[in-house]
Every structure is written in C-alpha cells, then in structure tokens.
Novice: 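Before anything else, here's the structure in question.
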Protein chains: 2
Amino acid sequence: MEQLNSLFKEKSLKVTPQRYAIYKYLKSTKSHPSAETIYEDLKVNYPTMSLATVYKTLRTLIEIGLVKEINVGEDNFRYDANVDTHPHLICRSCSRVDDIENYNFTFINEEAQKLTDYIIEDSKLFFYGICPECQKEGR
Amino acid sequence: MEQLNSLFKEKSLKVTPQRYAIYKYLKSTKSHPSAETIYEDLKVNYPTMSLATVYKTLRTLIEIGLVKEINVGEDNFRYDANVDTHPHLICRSCSRVDDIENYNFTFINEEAQKLTDYIIEDSKLFFYGICPECQKEGR
DNA sequence: TTCCGTGCAAACAATTTGCAGAATT
DNA sequence: AATTCTGCAAATTGTTTGCACGGAA
C-alpha cells in the first residue's frame, strides 16, 4: 500500500477509500478478476461503489504502472496487480487464470530481440490448457 | 484455399463468395486486421457484404481451426490466418502487429509444462515495443 | 425441396463519458 | 478553498442474435 500512497502523492492523485479498496483487493488475490468481478466483490463492503469508478480507478492504476491488464481471449479484460512480467496459465475448460511464478521467462525478450528490429520492452505470455481440477473432473 | 474447400466439405459447410473472400483476404495479409478492417476492405469489391457476416464467418473459421483470434490489448480482436503458433510483435506507438517467423518458440510450452500441473496445449506470446518505422520517426 | 448462409436491424455487453454533488488535499 | 473523485445515467463501441429472403446442394 506504500506504493500506492507514495505514487499517488507524486502524481497528485487522491487516495480515496474506493481506490484504496480496489488496489488492496487486487493485491490480495491471484484470481485475475474482471472489472465486473471486482465491483461485485467490493459492493458488499462498499455499497455505494460504482462500476464506473472501478473502471476509472483501474485505468489510473494502469497508467501509473501499479496494475496490468490482460485479455486471455474472453469478451472482457482481467486485471493483475502483480506487475512483474510473468506467464499466465488459462484453463480452456473452466477459464481460470493462474500464474507461473518462480521462473524467469525474461530471456525470451532477449531471444526475440535478436530476431527483430523492434525495440522490445515487454512481453505477455499465455499458456492454454486444462487445469488440474478440470483434469480430475474428466473435462 | 484447398484447406478451405476440403475442410468445408468435411464439415458440410458451404463455400460462399463471402467466406471465400474473407479467408483469402486473411491469407493474403500479414497485418492482423480487425473485423471492421476486413469489412471495410472487402466492401469495395463486395458491396453487399455485411459486418455481421464477417463476424459469423470469422467465428466459423476459428471453430474449424483455419483462423486464430488475438487480443493485443486493444478494444477489439484481430484475426490471423497463420494458425501455426508464432509470437507477435506489437508497436506501442503505431499499434501495428508483426509476426516473428522462422523461429520455433514451442520449446517454451515444454518448459512451462515442467512447472505446472496444467496440461498445456497451446500458447500465445506477445512482445511489446517500438517498431523500426516509429524508431526512425523518433516516437 | 431442404438446408444453410446472408444481410439487415435490433439486441447485448463491456467500457467510457458528462456532469453535479461529495470528498480529499 | 481549490481541486479532484465519485456515482449515476447516458452514450459509445465491439460483437452477437433473430429472422426473412436467397441460393447452393
């Protein structure tokens, strides 16, 4: 949360309860929720929270680099407060999205840099398959 | 086009001028167009073409595996008739999308497989940076 | 003749925007 | 006190759907 406070001060953005709650929520989960899901979950404790505020806050957090936006092939975006570049696992049966952690994939950026005249700054890597739970269910 | 003809026959789908044109267009370009762009470009020669038909055809082509859908972080999807798994380069200045070809990245699937209990079937890899043209323009 | 596809318009869903009132600095 | 943010509703945009007509098998 210190990151939020100091970065907001620096950019002269206001730390409102809504913004705080949204960022804290994203920091606390690994489920890569959509805006709608964030909204639904926060509404319980923040009954006046509006979906528009969720979207506006997410946009702000993305702009200052505290959140990343991903699209795994659905009709909506998902949000992740883990901004370290890391691969995602997407289950094509239940649509859950997991992280691959503790493994450094950044070498692929360097690998790609050798193959192109682009200046490569970042990458997104998605693996598609079947999660352990769905395998057990025989899906 | 043989792929289209034989696959369509197999699935008892009809090869209409619209479907043929959309697939031929996608096969002929490396620009990863959106549905809207495909529609605009084909309208010149197919004045009765409808955007709904473009969407329906793309859905059909995806289902039989002749086209892949990608989302590079924009508000819409882009379509690619190169269905071999290959990485994409996205310019964060002009939004163009290029391919990385002639390099096999599939080893990352195997690499990821070691790190997870998912059954990994496919992957999507996007590199973000600045394309050569935008570099020249100093963007 | 049957079935499937097209194209129009309407429907839908995700996201953005405008603005008045409210809260933060 | 000044500025920024919230929350509502309306607007916008990308995509899908329903359905009558047309055309291919």
Side-chain angles (χ1 to χ4, degrees), chain A residues 1 4-23 25 32-64 66-79 95, chain B residues 4-25 32-64 66-79 95:
Chain A
M1 293 306 125
L4 185 139
N5 280 296
S6 59
L7 252 174
F8 270 38
K9 191 159 291 177
E10 190 180 310
K11 311 267 183 186
S12 60
L13 295 166
K14 291 177 179 168
V15 182
T16 64
Q18 292 87 336
R19 286 174 168 179
Y20 194 85
I22 290 166
Y23 186 60
Y25 175 83
H32 312 84
S34 65
E36 183 73 36
T37 305
I38 298 169
Y39 169 64
E40 292 297 337
D41 286 356
L42 289 180
K43 215 165 45 170
V44 179
N45 291 312
Y46 298 80
T48 71
M49 176 80 72
S50 130
L51 186 52
T53 298
V54 174
Y55 275 111
K56 286 171 184 167
T57 298
L58 289 170
R59 199 53 47 215
T60 304
L61 293 171
I62 289 165
E63 272 161 21
I64 63 178
L66 288 183
V67 164
K68 281 198 180 182
E69 190 176 51
I70 60 176
N71 186 302
V72 300
E74 297 167 314
D75 44 5
N76 56 34
F77 285 93
R78 287 166 171 260
Y79 300 88
S95 300
Chain B
L4 185 139
N5 280 297
S6 59
L7 253 173
F8 270 39
K9 192 159 289 176
E10 190 180 308
K11 311 268 182 182
S12 59
L13 295 166
K14 290 175 183 170
V15 181
T16 65
Q18 291 88 336
R19 286 174 169 178
Y20 192 83
I22 290 166
Y23 185 60
K24 195 172 126 204
Y25 176 84
H32 312 83
S34 65
E36 184 72 36
T37 304
I38 298 169
Y39 170 64
E40 292 297 337
D41 286 356
L42 289 181
K43 214 165 45 171
V44 179
N45 291 311
Y46 299 80
T48 71
M49 175 80 71
S50 131
L51 186 52
T53 299
V54 174
Y55 275 111
K56 285 172 185 167
T57 298
L58 288 170
R59 199 54 45 215
T60 305
L61 292 171
I62 289 165
E63 273 161 21
I64 63 177
L66 288 184
V67 164
K68 281 198 180 179
E69 190 176 49
I70 60 175
N71 186 302
V72 300
E74 297 167 313
D75 45 4
N76 55 35
F77 285 93
R78 286 166 172 260
Y79 300 89
S95 300

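Note on naming: letters A, B, ... go to the chains in the order of the sequence lines (proteins, then strands), and numbering restarts at 1 for each one.
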Novice: Taking the side chain as everything from C-beta on, heavy atoms only, tell me whether A:Thr16 gets closer than 4.5 Å to A:Thr53.
Specialist: no
Novice: Below 4.5 Å, heavy atoms only, C-beta onward: do B:Asp41 and B:Tyr46 meet side chain to side chain?
Specialist: no
Novice: What heavy-atom pair brings A:Ala35 and A:Leu51 nearest, and what distance separates the two atoms?
Specialist: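 Heavy atoms only, the tightest pair is O-CD1, 3.9 Å.
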Novice: Taking the side chain as everything from C-beta on, heavy atoms only, tell me whether B:Asn76 gets closer than 4.5 Å to B:Glu36.
Specialist: no
Novice: Check nucleotides 17-20 of chain D for protein N or O atoms closer than 3.5 Å to its own N or O atoms and list the pairs.
Specialist:
residue : atom : partner : partner atom : Å
D:dG18  : O6   : B:Lys56 : NZ           : 3.0

Novice: Report each atom pair, protein N/O against N/O of nucleotides 22-25 of chain D, whose distance is under 3.5 angstrom.
Specialist:
residue : atom : partner : partner atom : Å
D:dG23  : N2   : B:Lys14 : NZ           : 3.4

Novice: Starting at atom CD of A:Glu63, determine the distance to atom P of D:dT4, rounded to an integer number of angstrom.
Specialist: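 My rounded result for the distance is 15 Å.
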Novice: Please report the interatomic distance CG(A:Leu4) to CG(A:Leu61), rounded to the nearest 0.5 Å.
Specialist: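 Separation between the atoms: 6.5 Å.
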Novice: If each of B:Ala35 and A:Thr60 is mapped to the nucleotide of DNA chain D with the nearest heavy atom, which maps nearer the 5' terminus, i.e. the 5' end?
Specialist: A:Thr60
Novice: Could you tell me how far apart A:Glu74 (CD) and D:dT16 (P) are, to the nearest whole angstrom?
Specialist: 14 Å
Novice: Measure from CG on A:Leu58 to P on D:dG7 and round the result to the nearest Å.
Specialist: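 Atom CG in A:Leu58 sits about 14 Å away from atom P in D:dG7.
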Novice: Any chance you could lay out the side chain to side chain donor-acceptor pair (under 3.5 Å) test for B:Ser34 and B:Thr37, step after step, and finish with the verdict?
Specialist: CA-CA 5 Å; B:Ser34 65; B:Thr37 304; 3.0 Å; yes
Novice: What are the bounds, 5' to 3', of the part of DNA chain C that sits under 4.0 Å from heavy atoms of chain A?
Specialist: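 Range of nucleotides within reach of chain A: C:dA14 to C:dT25.
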Novice: For B:Arg78 and D:dG14, what is the distance between atoms CZ and C1' respectively, to the nearest whole Å?
Specialist: 14 Å
Novice: Can you name the nearest heavy-atom pair linking B:Phe77 to A:Glu74, along with the distance?
Specialist: CZ-O, 3.2 Å
Novice: What is the separation between atom NZ on A:Lys11 and atom C1' on D:dC5, rounded to the nearest whole Å?
Specialist: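 Distance, rounded to whole Å: 18 Å.
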Novice: Just how far, in rounded Å, is P of D:dT12 from CG of B:Asn76?
Specialist: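 Value for this atom pair: 19 Å.
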Novice: Which heavy atom of B:Tyr79 sits nearest to which heavy atom of B:Arg59, and what is that distance?
Specialist: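 That closest heavy-atom pairing would be OH-NH2, 4.2 Å.
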Novice: Tell me the interatomic distance from A:Leu4, atom CG, to D:dC5, atom P, rounded to whole angstroms.
Specialist: 12 Å
Novice: So B:Thr53, base contact, sugar-phosphate only, or nothing? Heavy-atom distance under 4.0 Å.
Specialist: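 Touches a base.
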Novice: Quick one: OG1 on B:Thr57 to OH on B:Tyr23, what's the gap to the nearest 0.5 Å?
Specialist: 13.5 Å
Novice: I need the minimum non-hydrogen distance between B:Tyr39 and B:Met49, along with the two atoms involved.
Specialist: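 Closest heavy-atom pair between B:Tyr39 and B:Met49: CE1-O, 3.1 Å.
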Novice: Side chains of B:Val67 and B:Ile22: closer than 4.5 Å at any heavy-atom pair?
Specialist: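 B:Val67 vs B:Ile22: side chains apart.
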Novice: To the nearest Å, give me how far apart CG (B:Leu51) and C1' (D:dT15) are.
Specialist: 8 Å
Novice: Take A:Leu13 and A:Arg19 through the side-chain contact (heavy atoms from CB on, under 4.5 Å) test and state the conclusion after the steps.
Specialist: CA-CA 10 Å; A:Leu13 295 166; A:Arg19 286 174 168 179; 3.9 Å; yes
Novice: Could you say whether B:Gln18 or A:Arg59 is positioned toward the 5' end of DNA chain C, judged by the nucleotide with the nearest heavy atom to each?
Specialist: B:Gln18
Novice: Establish, with yes or no, whether the OP1 or OP2 oxygen of D:dC5 is under 4.0 angstrom from a side-chain nitrogen or oxygen of A:Thr16.
Specialist: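 For D:dC5, neither OP1 nor OP2 has a side-chain N or O of A:Thr16 closer than 4.0 Å.
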